[in-house]
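Just below is one structure, and these are the notes that go with it.
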Amino acid sequence: MNLLITGDSHAVVLGKSLAEITDQERQLIGGEIRAAKLLSFPVALRKFFDVDGSRLKFVTEQIRPDKPIAFGLSGIDLVDKNQIIAISMPFTTTVLLRNPIWKIYAPWQHAGAHRHSFSCSVMKEIVLGHFQHVIDLFSTLKRFGVPSIAIDAPAPRRVVTSAWSKNDDTQLIISIDQVSRRIMNEQLSLLGIPVVPTPKQTIDDHGFLRDEFAADAHHGNQFYGALMLRKVLKEASTIDSGKVS
Amino acid sequence: MASHPYVNLPPKNFWRTAIAETHPSRWFELYPKKFEISKTTLIAAAGSCFAQYIGAELKRRKFRFGDFEPAPRLLPAEKNHEYGYGLFSARFGNVYTARQLLQLLNRAFGEYYPAIQAWETEGRFYDPFRPSIEPHGFSSLEELLAVRSYHLNRVRRMIERSEVFIFTLGLTEAWTNRQDGAVFPMCPGTIAGEFDPKLHEFVNFTYSQVIEDLKAVISIARGCNPAIKFLFTVSPVPLVATATDQHVLVATTYSKSVLRAVAGELYSEFDYVDYFPSYEIVTAPASRGAFYKKDMRSITPAGVKAVMSRFFAEHDVDSMSSEDPHFVLAASARGKGIDDIEAATMLVCDEEKLDVIAR
């Protein structure tokens, strides 16, 4: 089977890491392996695809009407059963974490006396709303029988929320990140989508991405990419061999 | 010609001239405001389902409607009402009775701690005093108590800051905890919890109880915010069900009569209390029931419009001048139109959970 690794900007380092894997590792996948960034995550906050017959077409009406979003990837052939789509998007919490709303709101455990408090259920609705179109993408692929894999995103960098956070907000940042990932894990599990988790060795004791695996304020570097790519290939090979058998 | 007090009264004082010979859209003197409510007045609102219309219309007209417990902006808009956000000035859900309002304020100001903390159903925890604000309940008692503590803090802030508090009186019937008289907005077991006749008691509040409760509410509020004014209305929505042994129509008439009389008494006694006749506008014989939907209970968008246009004729004169006063009844007669009100205000009414029980 062919493997397409795509999604948001975290897919870029996975694509670069393709050059670092061995032929033996490549051969885990029976067919061609491609990697391409599809979009920047904020684009996924709006509806970014449509289904036209048997084709899933990427469109972002407000940004680039009816144009391929990135790297010439204009859509996915939903009747092509000889493909696995691995997508990096469902765990990208950066945009959520950077929202200045956390300066004045927090889940009840972290609200303290200075923030508006809300329940875990409300948090879940926030997360599901944030990733609504990403979940729709996985649901659509599932509905058409196209095997897909959800790729975890790197843990947040300590600097990611500096626009609003103070030193004592570390726990809130990590909590929002981890709760969001847990909710998305549950959601993807309900859909029967396998998840490739972030390698544990890339995360420090506080839950942040270790400096040695960071490329910038929120992306993983080539070391992170190589680790993650191998995990993705392994997961995809499981699906591939399952199909073959 | 004989001289007596009726001789020089204006047309509004006579049924024939004021009602029988006047189109309902021209009942202009129905509500002469007692005090100004302008677009800079900080308004808070609570009450039965009907109160949601008032809040929604105040917001739509860009009045300064206080939302002291606002939804986090990231919560999808279509989820706000489901979680009790944006319906009233805080996330208290429907406040149907005067006693419920009084206890809410007493809880907010740390003067009352009900014996019952939560209802547990299948491992989820529900707030007995606002059971529908978390449709799936809280995950733990600790969470419920923390979110409630914040809520009561916001209610306190609402009372301390608001310049006008609008309360729509809905019911006299309620279910209480026998242990300490804590009033529930809904009978235990209807939304959450479990009904137990040994623990729960039905009450139908009397005139003297309701007026005493509302005077206590006024006293608490003005104790911390001496400038706050009150606007009472009576919901024209009949009871969905009565727990008395009376016919639901008779029970409704009792409830509404008591509430109307209490509002009238408070209006007469205090210069900082006004009364707005939403009940009269909808239920008047001259309205011929046209403001009720087929179930003869829910208010039509035209009914809401009729009520709100009388309110804003006093408080938002500029915008009213551009509206056609005949629009209300014309739309009502067609049985359609004014859909914007209905679409914009999807009510959340706990009481209607009882309707599904009717056989």
Side-chain angles (χ1 to χ4, degrees), chain A residues 41-42 44-47 92-136 161 163-164 169 171-173 175-180 182-184 186-187 190, chain B residues 66-87 89-93 108 118 121-127 129-158 161 191-192 348:
Chain A
F41 185 84
L45 296 174
R46 303 189 190 97
K47 185 175 168 61
T92 302
T93 57
T94 316
V95 174
L96 191 62
L97 293 175
R98 282 180 175 168
N99 195 306
I101 195 175
W102 306 116
K103 203 171 174 178
I104 50 170
Y105 280 90
W108 67 276
Q109 305 96 319
H110 302 281
H114 306 295
R115 286 185 170 94
H116 293 285
S117 167
F118 58 79
S119 68
C120 298
S121 297
V122 168
M123 182 66 198
K124 182 173 180 176
E125 299 287 3
I126 287 172
V127 173
L128 295 181
H130 188 74
F131 290 102
Q132 173 193 343
H133 301 293
V134 177
I135 295 167
D136 282 350
T161 53
W164 62 266
D169 291 328
Q171 280 195 323
L172 172 60
I173 295 163
S175 170
I176 294 165
D177 177 69
Q178 292 180 349
V179 165
S180 303
R182 180 178 53 74
I183 290 166
M184 287 304 291
E186 288 168 0
Q187 203 63 25
L190 288 173
Chain B
D67 187 350
F68 292 85
E69 199 174 357
R73 218 175 42 246
L74 290 171
L75 181 67
E78 68 273 16
K79 293 286 178 183
N80 282 7
H81 286 187
E82 195 180 321
Y83 282 85
Y85 288 110
L87 298 170
S89 286
R91 205 175 162 216
F92 28 61
T121 303
E122 295 173 355
R124 303 293 293 181
F125 295 81
Y126 294 83
D127 189 334
F129 306 106
R130 42 181 201 149
S132 59
I133 56 114
E134 285 285 330
H136 314 294
F138 293 95
S139 60
S140 66
L141 179 61
E142 188 189 7
E143 179 186 23
L144 182 153
L145 295 177
V147 175
R148 179 196 286 162
S149 170
Y150 162 74
H151 161 66
L152 293 175
N153 178 291
R154 303 313 296 174
V155 172
R156 198 162 63 241
R157 177 69 63 92
M158 175 188 81
R161 297 285 174 86
I191 294 178
V348 176

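In this text, all values refer to a predicted model and were calculated from it rather than measured experimentally. The figures that follow rest on heavy atoms only: side chains count, while hydrogens, waters and symmetry mates do not. So you know, we letter chains A, B, ... as the sequences are listed, proteins then strands, and number each from 1.
Atoms CZ and OG1, from A:Phe41 and A:Thr92 in turn, are 6.0 Å apart once rounded to the nearest 0.5 Å. Taking CG of B:Leu75 as the start and CE of A:Met123 as the end, the distance is 11.0 Å to the nearest 0.5 Å.
Between B:Ile133 and B:Gly93, the closest heavy-atom pair is CG2-N, 4.2 Å. Of all the heavy atoms in A:Leu97 and A:Ile173, the pair that sits closest is CD2-O, 3.6 Å.
A search for ring-ring contact (aromatic ring centres under 6.0 Å, His included) contacts involving A:Phe118 returns nothing, not counting sequence neighbours. Here B:Phe138 pairs with nothing under the ring-ring contact (aromatic ring centres under 6.0 Å, His included) rule; sequence neighbours left out.
Looking at B:Pro135, there are no atoms closer than 4.5 Å to chain A (heavy atoms on both sides), in backbone or side chain.
Residue pairs satisfying the salt bridge (Lys or Arg N to Asp or Glu O under 4.0 Å) criterion with at least one member in residues 104-113 of chain A, sequence neighbours excluded, are absent.
Counting heavy-atom pairs under 4.5 Å between each of A:Gly129, A:Cys120, A:Pro107, A:Ala113 and chain B puts A:Cys120 at the top.
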Just by distance, which donor-acceptor pairs between chain A and chain B come in under 3.5 Å?
from     : atom 1 : to       : atom 2 : distance (Å)
A:Tyr105 : OH     : B:Pro70  : O      : 3.0
A:Tyr105 : OH     : B:Ala71  : O      : 3.3
A:Trp108 : NE1    : B:Glu143 : OE2    : 3.3
A:His116 : ND1    : B:Tyr150 : OH     : 2.4
A:Ser119 : OG     : B:Glu134 : OE1    : 3.0
A:Ser119 : OG     : B:Glu134 : OE2    : 2.6
A:Cys120 : N      : B:Glu143 : OE2    : 2.6
A:Glu125 : OE2    : B:Tyr83  : OH     : 2.8

